[in-house]
Amino acid sequence: MASRRGQMLDGVLLLDKPEGLSSNHALQRAKRTVDARKAGHTGTLDPFATGLLICCFGRATKISSAMLEADKVYEATVAFGEETDSGDLTGHIVARADEIPAVSAETLESVLAGFRGEIEQIPPMVSALKRDGKPLYEYARQGIELERPPRQITIHALDLLACDGVSARLRVHCSKGTYVRTLAQDIGRSLGCLGHLSALRRTAVGPFKIEQAIGLEALQAMAAPQSALIPLHALPDGLRPASVSTEEITL
């Protein structure tokens, strides 16, 4: 039986977050499953999104800042024809194209070229960025639109994986601070037919890949779920907390 406060566990869990859970809810379920006392994650995924959520336990929480700075890789689906106030499928439709043309792969490729490399992006109102100590999404809930200065981001790679004319699936390798739903919205505008993010899956964060991750149900089914954690000494170079001693590394 799990102890009330949990064990003093140190390590990193690569969790494949399911759709429908917030990142914090997924983290708390993983924390209870492994019976850990201290836990945190290194970058939020929206509830509708799936994929790699890095959960850190004990002293491994010290890598959180490094992971927040790390590049991310996503598989994103952009639906053409409608724009929402949030930039994704959870928002309210605010604009529709008069006619949705069948977007060809060739046309889309020519538009994607303009989004590769260093670009400027205006953060969405539905975001956790703060203005006067209050998250932007709280202003958005009140119907208040604030001016947001553009931020420079880097799209290292933007690959077209599939296109059926009314939607497209993209692979996005981007720097920290990138809003993929804003990218989807801007791509739709550049095509002249509008668009929004209809699906999102995170497949990599820094050196960690989705192939290394475990699903929440699989974790909960394990007889010894603590064994799914990456111990401190096995973390990639540059991520081991400085407090790990030589004796601990050789254990």
Side-chain angles (χ1 to χ4, degrees), residues 6-18 21-46 49-76 116-118 152-159 161 170-180 200-220 222 224-251:
Q7 304 176 54
M8 290 299 293
L9 291 178
D10 298 317
V12 172
L13 173 70
L14 304 182
L15 185 68
D16 188 347
K17 188 191 85 67
L21 281 184
S22 71
S23 293
N24 187 58
H25 285 158
L27 171 68
Q28 294 307 317
R29 289 193 185 182
K31 180 184 176 184
R32 288 194 297 271
T33 300
V34 302
D35 189 27
R37 183 174 300 182
K38 181 181 180 182
H41 65 73
T42 68
T44 301
L45 278 172
D46 289 330
T50 67
L52 186 57
L53 182 70
I54 300 177
C55 303
C56 301
F57 302 99
R59 286 178 295 164
T61 55
K62 294 179 180 179
I63 76 168
S64 295
S65 58
M67 288 293 91
L68 289 170
E69 297 288 317
D71 289 349
K72 288 32 174 221
V73 180
Y74 298 91
E75 286 189 6
R116 297 184 181 111
E118 292 188 356
Q152 189 170 65
I153 60 168
T154 303
I155 306 296
H156 300 288
L158 184 56
D159 304 317
L161 302 179
L170 310 172
R171 178 182 177 273
V172 185
H173 177 189
C174 57
S175 67
K176 69 166 187 174
T178 301
Y179 287 92
V180 182
L200 185 68
R201 181 165 177 78
R202 187 158 64 196
T203 60
V205 178
F208 300 115
K209 312 298 181 187
I210 191 63
E211 291 79 11
Q212 302 167 276
I214 184 171
L216 191 56
E217 289 187 359
L219 179 72
Q220 293 170 329
M222 292 179 68
Q226 296 85 358
S227 65
L229 272 61
I230 302 173
L232 300 183
H233 69 266
L235 292 174
D237 292 342
L239 290 181
R240 296 171 195 144
S243 59
V244 178
S245 67
T246 303
E247 290 77 11
E248 288 175 305
I249 291 174
T250 57
L251 286 178

Would you check if [X] and [Y] make a side-chain contact, meaning some heavy-atom pair closer than 4.5 Å?
| X | Y | answer |
| --- | --- | --- |
| L9 | D35 | no |
| P207 | L239 | yes |
| T42 | F208 | no |

Mind checking what makes salt bridge (charged side-chain N to carboxylate O under 4.0 Å, His left out) contact with [X], not counting sequence neighbours?
| X | value |
| --- | --- |
| D159 | R171 |
| R201 | D16 |
| K209 | none |

Can you tell me how far the [atom1] atom of [X] sits from the [atom2] atom of [Y], to the nearest 0.5 Å?
| X | Y | atom1 | atom2 | answer |
| --- | --- | --- | --- | --- |
| T44 | L68 | OG1 | CG | 8.5 Å |
| K17 | S22 | NZ | OG | 7.5 Å |
| E75 | T50 | CD | OG1 | 9.0 Å |
| L229 | C56 | CG | SG | 9.5 Å |

For [X], check side chain to side chain contact (heavy atoms under 4.5 Å, CB included) against everything at least two apart and list the hits.
| X | value |
| --- | --- |
| A218 | I214 |
| T178 | Q121, I153, I155, C174, S175 |
| Q152 | E118 |

Has [X] got a side-chain atom pairing as donor or acceptor with [Y]'s backbone, closer than 3.5 angstrom?
| X | Y | value |
| --- | --- | --- |
| K176 | D71 | no |
| K72 | A70 | yes |
| R202 | L52 | yes |
| K38 | R59 | no |

**OP:** Could you go through the side chain to side chain contact (heavy atoms under 4.5 Å, CB included) check for L21 and R29 one step at a time?
**Re:** CA-CA 10 Å; L21 281 184; R29 289 193 185 182; 3.8 Å; yes
Measure across [X] and [Y] and return the closest heavy-atom pair with its distance rounded to 0.1 Å.
| X | Y | result |
| --- | --- | --- |
| L200 | A76 | CD1-CB, 3.9 Å |
| G215 | L15 | C-CD1, 4.1 Å |
| A26 | L53 | CB-CD2, 4.1 Å |
| Y74 | T203 | N-OG1, 4.1 Å |
| L27 | A39 | CD1-CB, 4.0 Å |
| G43 | S23 | O-OG, 4.5 Å |

**OP:** I would like to know whether V12 and I63 meet side chain to side chain contact (heavy atoms under 4.5 Å, CB included); could you show each step before the answer?
**Re:** CA-CA 9 Å; V12 172; I63 76 168; 3.8 Å; yes
**OP:** Could you check Q226, Q28, Q220 and say which one makes a side-chain contact (heavy atoms from CB on, under 4.5 Å) with T33?
**Re:**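 Among the candidates, only Q220 passes.
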**OP:** Answer yes or no: does atom NE2 of H156 have more than 12 heavy-atom neighbours from other residues, nucleotides or ligands under 6.0 Å?
**Re:**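 Yes, NE2 of H156 has more than 12 neighbouring heavy atoms, counting only those of other groups under 6.0 Å.
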Original post:
Can I54 and L14 be said to form a side chain to side chain contact (heavy atoms under 4.5 Å, CB included), step by step?
Top reply: CA-CA 5 Å; I54 300 177; L14 304 182; 4.0 Å; yes
